[in-house]
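Fair warning: this is a prediction, and the values are worked out from it, not measured in the lab. The figures that follow rest on heavy atoms only: side chains count, while hydrogens, waters and symmetry mates do not. So that the names make sense, note that chain A is the first sequence line, chain B the second, and so on, each numbered from 1.
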Amino acid sequence: MKCPLFTGLSFLILPSIEPPRVQFIVKLIEANGGSMVDSLINDTVILINDTFVESHTLRKSELFHSEWSYDEELWYKLVSNEQLEFFKLSWLSECLKHQKLLDKADFRARLMEEDNGNSNSPHVDAISIETQSSAEDTEVEDQTLDFDVQTELLKSDANVMASQSVIEDTSESKSTVKPNLALTRALEQLFKKYRLQGDTYRARGYQLALQSIESHDKAITSEQEALSLPNIGPSIASKIQTILKLGSLPGLNEADKNEELLDYFMACHGVGAQTARKWVSNGITSLTEALKAYPSDFTWNVLFGWRFYEDWSVKIPREECADHLALMEKALRDVDSSARIVLTGSYRRGAATCGDIDTVLYKPGCDDIWTLSQILEKLVLRLKGMNYIRCPLNLNHALGQEFKPMIETLTHAAGFHESYVSGPKEVLKKFYFGGKLPSNTTHGLSKTEQQVPRLKFEDSLMSESDQNTHCRRVDILLSRWSQLGAVMIYFTGNDDFNKSLRIRATKRGWKLSNNGLYQSNANTEKKDLLIESFDERRIMSLLGVVWCPPEERNIKGYI
DNA sequence: AGGCGGTACTG
DNA sequence: CAGTAC
DNA sequence: GCCT
């Protein structure tokens, strides 16, 4: 006996099942044992009406969107999940014609608009083929209909391992020979030196030069050769000449006591290049001395930076990030059951350890910042009540009242007597804080022997550190629903990736920010025109960047 | 000569 | 406004 | 610092 052709398969047809032709096909599916769904469940086969596909590539996603007949959240799930595969509806009719299940691969439809021959696109292709074969039998964990963007992200993170093995043999990661070590070392020192001095652009100049030498795999033997590389100009080229002749740059290798101090101060949250430089040039050698000499530099959030100086310089194991998220999710459900919070930052890029925990908070369909702000405020209060939030780093008026006692305890400990007056700001667009999990949930003490900056003994009085549970830096960013894509790009990074996108935007007369991709209107004083802000994929594709999953956005230099 | 990211928060 | 952080 |  034979089962009908589509037994056990579920189908989602996009963008709508309303057209008569689609209705006809739906009848055939059901007659052959298949079922229709209107949301993503395991193993759902996603089919695109062929009229929206041009030669294996999805045509304009805005048209796609305008004929959308499912709910908005499904749209977002689909465009935000880089692991999903789409197939042309004609696969179905072919199967019926031949009365057997044909290879879907020949009917794959890709979700992008431009393809500028970027060198890594075949590489991306390889990954999606690679994961497709194993996806079907490994994903058995969630059966719920109510999974959301966050589950999508977790799933794609679970696939990091698979993609890494692919990256390993296709990329040149094994080229361990570094023919220009003397040069790159010197440039790195110069980069650090100027960054510490707050000369960010000069520092950037050295950093870019460093990167172009690193990606040049031959040994550089002349000033001429150096000059021909991008981002290497007369000044750096002549320094290179000197190094080639003398073996090193005069006056660079002395271990600089001042640079060490600058590093020490700037590792404190809230102390930047200007402040650190001022202290150092006035002979200050510790935070305690700085507090006496420059009390006004010690705002309450620098004091928190001091208190958690050591905790905040240790990396967070990936697993712990998920625990923080789970805790916040639970609290958020009680505040607003339809609001969502997701992990972004280096976590979403697949990192094994993260410097901080970056999250985005949104509510499907909600563009009203005031509503979102209220949700965030309530969430923060709940988290504070659970003793999870140990210190705030920014506040609005209402939260200022709530955290006043906590802040005054701190400022009094530092010897200040003024009382804290909360600012006038009513809406809260983001909340940065230090959070600590209850000690019972602590993860296996990871043996990451990380070289951690320690406080000097005389500075350790203000500090609060705990062997088993660390206080972590957590960022919550609000996003309007309509701007979720731009916010996700911005907060997922990495920095160089974002810079590349912004540069591409400016080249096209646009500007990219965390609010979206806009047509800039410099001359006329009209407002900038929105091009796209919701769809992460479309923003990238408009900028001529082939879609890449977060794990591949860990780039160095520009793309 | 002027550009190098755009935005939110603190004081 | 400068300074800091993201 | 380098690039336009």
Side-chain angles (χ1 to χ4, degrees), chain A residues 186-187 190-191 193-195 197-212 226-227 229-240 265-266 268-278 294-305 312 344-346 355-360 369 373 392-397 399-400 407 411 416 418 420-425 427-433 473-479 483 486-487 489-507 510-518 520 528 558:
Chain A
L187 290 179
L190 288 162
F191 160 63
K193 174 179 165 186
Y194 287 110
R195 191 192 39 175
Q197 289 182 8
D199 193 343
T200 52
Y201 294 127
R202 183 165 283 126
R204 186 71 181 146
Y206 281 111
Q207 192 189 34
L208 290 171
L210 170 75
Q211 283 159 359
S212 58
L227 208 42
L229 297 180
N231 296 313
I232 293 185
S235 167
I236 291 183
S238 100
K239 287 188 172 62
I240 285 178
F265 289 142
M266 285 168 69
C268 178
H269 180 103
V271 179
Q274 311 306 317
T275 313
R277 190 152 47 117
K278 181 176 82 189
Y294 299 96
S296 66
D297 286 343
F298 286 77
T299 62
W300 57 268
N301 58 172
V302 170
L303 290 173
F304 276 125
W312 289 350
T344 61
S346 55
D356 60 6
I357 299 164
D358 297 322
T359 68
V360 169
I369 279 294
S373 177
L393 289 170
N394 69 293
L395 298 165
N396 67 349
H397 185 75
L399 290 179
I407 290 169
T411 51
F416 299 120
E418 306 84 21
Y420 170 73
V421 186
S422 59
K425 204 167 286 303
V427 298
L428 193 66
K429 298 191 175 173
K430 62 184 190 189
F431 188 66
Y432 299 163
F433 66 97
R473 281 280 295 103
V474 185
D475 299 343
I476 303 177
L477 208 63
L478 286 189
S479 175
Q483 301 183 155
V487 172
I489 288 180
Y490 162 70
F491 224 35
T492 298
N494 67 4
D495 257 10
D496 280 4
F497 183 81
N498 288 352
K499 268 179 198 156
S500 308
L501 294 189
R502 283 190 304 254
I503 287 169
R504 280 163 175 272
T506 7
K507 274 188 192 158
W510 304 336
K511 69 186 193 192
L512 177 66
S513 76
N514 48 341
N515 297 329
L517 182 60
Y518 292 85
S520 18
D528 293 338
Y558 296 149

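As judged by a 4.0 angstrom heavy-atom cut-off over every strand, Y201(A) is placed among the base-contacting residues. Residue K239(A) is classed as a sugar-phosphate contact, given heavy-atom separations below 4.0 Å to backbone atoms only. Within the 4.0 angstrom heavy-atom criterion, only backbone atoms of the sugar-phosphate kind lie near A273(A); the bases stay farther away. Residue-level contact check: R195(A) touches neither bases nor backbone, having no heavy atom under 4.0 Å from any strand.
Regarding H269(A), its NE2 atom lies at a distance of 17 Å from the P atom of dG3(C), rounded to whole Å. Atom CZ of R473(A) and atom C1' of dT4(C) are 12 Å apart (whole Å). Atom CD1 of I489(A) is separated from atom C1' of dG5(B) by 14 Å (rounded to the nearest Å). As rounded to whole Å, 15 Å separates atom P of dA5(C) from atom CG of D358(A). For F431(A) and dC6(C), the CZ to P distance is 14 Å, given to the nearest whole Å. Distance L477(A) CG to dA5(C) C1': 12 Å, rounded to the nearest Å. In this structure, the CZ atom of F491(A) is 15 Å from the P atom of dA5(C), given to the nearest Å. If you take CG of L227(A) and C1' of dG1(D), they are 14 Å apart, rounded to a whole angstrom.
Take Y490(A) and apply the side-chain contact (heavy atoms from CB on, under 4.5 Å) test, not counting sequence neighbours, and it matches L477(A), N498(A), N514(A). When the side-chain contact (heavy atoms from CB on, under 4.5 Å) test is applied to A276(A), the partners found at least two apart in sequence or on another chain are L262(A), F265(A), M266(A), V271(A).
Closest approach to the Y206(A) side chain among dG1(D), dG5(B), dC6(C) is made by dG1(D) (side chain taken as heavy atoms from C-beta onward). You'll find that the side chain of T275(A) is closest to dT4(C), out of dC6(C), dG1(D), dT4(C). For Y194(A), the side-chain atoms get nearest to dG1(D) when compared with the rest of dC2(D), dC6(C), dG1(D).
For the pair V487(A) and L478(A), the minimum side-chain heavy-atom distance is 4.5 Å or more.
Relative ring orientation between W312(A) and H269(A) is described as perpendicular, the plane-to-plane angle rising above 60° on a 0-90° scale split at 30° and 60°.
Rounded to the nearest 0.5 angstrom, R473(A) CZ and F433(A) CZ are separated by 9.0 Å. Here the straight-line distance linking atom CD1 of I476(A) with atom OG1 of T359(A) works out to 4.5 Å at 0.5 Å rounding.
One P atom belongs to dC3(D), the other to dG5(B), and the distance between them is 15 Å to the nearest Å. One C1' atom belongs to dG3(B), the other to dC6(C), and the distance between them is 22 Å to the nearest Å.
Between dC3(D) and R204(A), no contact under 4.0 Å exists linking OP1 or OP2 to a side-chain N or O.
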Per-nucleotide protein contact string for nucleotides 6-11 of chain B, where B marks a base within reach and S marks sugar-phosphate only (heavy atoms under 4.0 Å, - for neither): BSBSSS
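The two residues P234(A) and L227(A) make their nearest non-hydrogen contact at N-CD1, 3.8 Å.
Look at D358(A) and K430(A) and you find no salt bridge, because none of the NZ, NE, NH1 or NH2 atoms lies under 4.0 Å from a carboxylate O.
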